[in-house]
Amino acid sequence: MAPMNVGEAARQSGVSAKMVRHYESLGLLPRVHRSDSGYRQYTAAEVHTLRFIKRARDLGFSMAEIAELVSLWQNRRRASENVRRIAQKHADDLAQRIAAMQAMQQTLAHLVHCCQGNDRPDCPILDDLAGVVSSA
């Protein structure tokens with residue numbers, strides 16, 4: 001397969017050209033070969049790495065986690081326990097964030113339920129946001 005420019009690499013990997021350059025600047029991609037005129041030239045291997053990065057981003061991994069995962073992916077002597085540790089920590093973090101968001105949703109649902117939603121100025125939602133303790 002012939003080398004491709006950043007636009008084609010972006011199209012084939014599903015990420016924007018800007019993100020391709022960003023990932024390269026972060027070291028997630030190795031510095032790619034440049035043509036005599038200075039244009040970046042990507043190979044199928046870099047596109048495959050870009051797809052890996054995109055999938056990891058889609059799963060919400062941080063850039064630091066992705067860097068570690070890319071390194072482990074490229075290291076054939078890796079221990080899968082290292083990959084599992086990263087994934088488990090991320091899954092645990094997601095579970096905590098989901099629980100926090102569910103608590104927020106329940107609080108908001110309760111406040112919406114308590115609000116009369118009429119033409120009167122009394123509003124338990126605004127009172128809660130302002131830290132006013134309701135006597136009701």
Between Arg97 and Leu94, does the side chain to side chain contact (heavy atoms under 4.5 Å, CB included) criterion hold? Intermediate values first, please. CA-CA 5 Å; Arg97 288 170 45 200; Leu94 285 172; 4.0 Å; yes

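- Distance CG/Leu126 to SG/Cys115: 8.0 Å, rounded to 0.5 Å.
- Smallest separation of non-hydrogen atoms from Ala10 and Ala17: CB-N, 3.5 Å.
- Every side-chain hydrogen bond (donor to acceptor under 3.5 Å, both in side chains) that Asp93 has, sequence neighbours left out, goes to Lys89.
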Test side chain to side chain contact (heavy atoms under 4.5 Å, CB included) applied to Ile66 and Arg57, step by step: CA-CA 8 Å; Ile66 292 171; Arg57 289 294 295 152; 3.1 Å; yes

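- Of all non-hydrogen atoms in Ser13 and Ala9, the two that sit nearest each other are OG-O, 2.8 Å.
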Start with the C-alpha gap between Glu68 and Arg85, add the side-chain angles, then the distance that decides, and say whether side chain to side chain contact (heavy atoms under 4.5 Å, CB included) holds. CA-CA 11 Å; Glu68 195 171 354; Arg85 175 186 43 80; 3.1 Å; yes

Evaluate Glu24 against Val32 for side chain to side chain contact (heavy atoms under 4.5 Å, CB included), listing each step before the verdict. CA-CA 8 Å; Glu24 187 178 346; Val32 296; 3.9 Å; yes

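- Listed by chain and number, the residues in a salt bridge (charged side-chain N to carboxylate O under 4.0 Å, His left out) with Glu65 amount to none (sequence neighbours excluded).
- For Arg76, there are no salt bridge (charged side-chain N to carboxylate O under 4.0 Å, His left out) partners two or more places apart in sequence or in a different chain.
- Take Ser80 and apply the side-chain hydrogen bond (donor to acceptor under 3.5 Å, both in side chains) test, not counting sequence neighbours, and it matches no residue.
- Residues Ile86 and Leu72 share a closest heavy-atom pair of CD1-CD1, 3.7 Å.
- Not counting sequence neighbours, Ser16 has no partner by the side-chain hydrogen bond (donor to acceptor under 3.5 Å, both in side chains) test.
- Judged as a ring pair (Phe, Tyr, Trp, His ring centres under 6.0 Å), the pairs with a partner in residues 82-118 (not counting sequence neighbours) are, in order, Phe61-His90.
- The structure places CG of Asn5 at 11.5 Å from CZ of Arg40, a figure rounded to the nearest 0.5 Å.
- Residues Ala44 and Met4 come closest through the heavy atom pair N-CE, 4.3 Å.
- Here the CG-CZ distance, from Leu59 to Arg55, works out to 4.0 Å after rounding to the nearest 0.5 Å.
- Taking CG from Leu111 and CG from Asp128, the interatomic distance works out to 4.5 Å, rounded to the nearest 0.5 Å.
- Leu28 and Ala67 get closest at one heavy-atom pair: CD2-CA, 3.3 Å.
- Looking at Val15 and Ile53, their side chains never come closer than 4.5 Å, going by heavy atoms from C-beta outward.
- Of all the heavy atoms in Val6 and Arg21, the pair that sits closest is CG1-NH1, 3.5 Å.
- Listed by chain and number, the residues in a salt bridge (charged side-chain N to carboxylate O under 4.0 Å, His left out) with Arg11 are Glu8 (sequence neighbours excluded).
- Taken to the nearest 0.5 Å, the SG atom of Cys123 stands 8.0 Å off from the CG atom of Leu129.
- For Arg78, there are no salt bridge (charged side-chain N to carboxylate O under 4.0 Å, His left out) partners, not counting sequence neighbours.
- With salt bridges taken as basic N to acidic carboxylate O contacts below 4.0 Å, none links Glu46 and Arg51.
- Interatomic distance, CE of Met101 versus CE of Met104, reported as 5.0 Å (0.5 Å rounding).
- Judged as a ring pair (Phe, Tyr, Trp, His ring centres under 6.0 Å), not a single pair has a partner in residues 8-39 (not counting sequence neighbours).
- Taking a 4.5 Å side-chain heavy-atom cut-off between Ile, Leu, Val, Met, Phe, Trp and Tyr, the cluster of Ile98 contains only that residue.
- Applying the side-chain hydrogen bond (donor to acceptor under 3.5 Å, both in side chains) test to Gln88 and every residue at least two apart in sequence or in another chain returns Asp92.
- In this structure His48 satisfies the ring-ring contact (aromatic ring centres under 6.0 Å, His included) test together with Trp73, sequence neighbours excluded.
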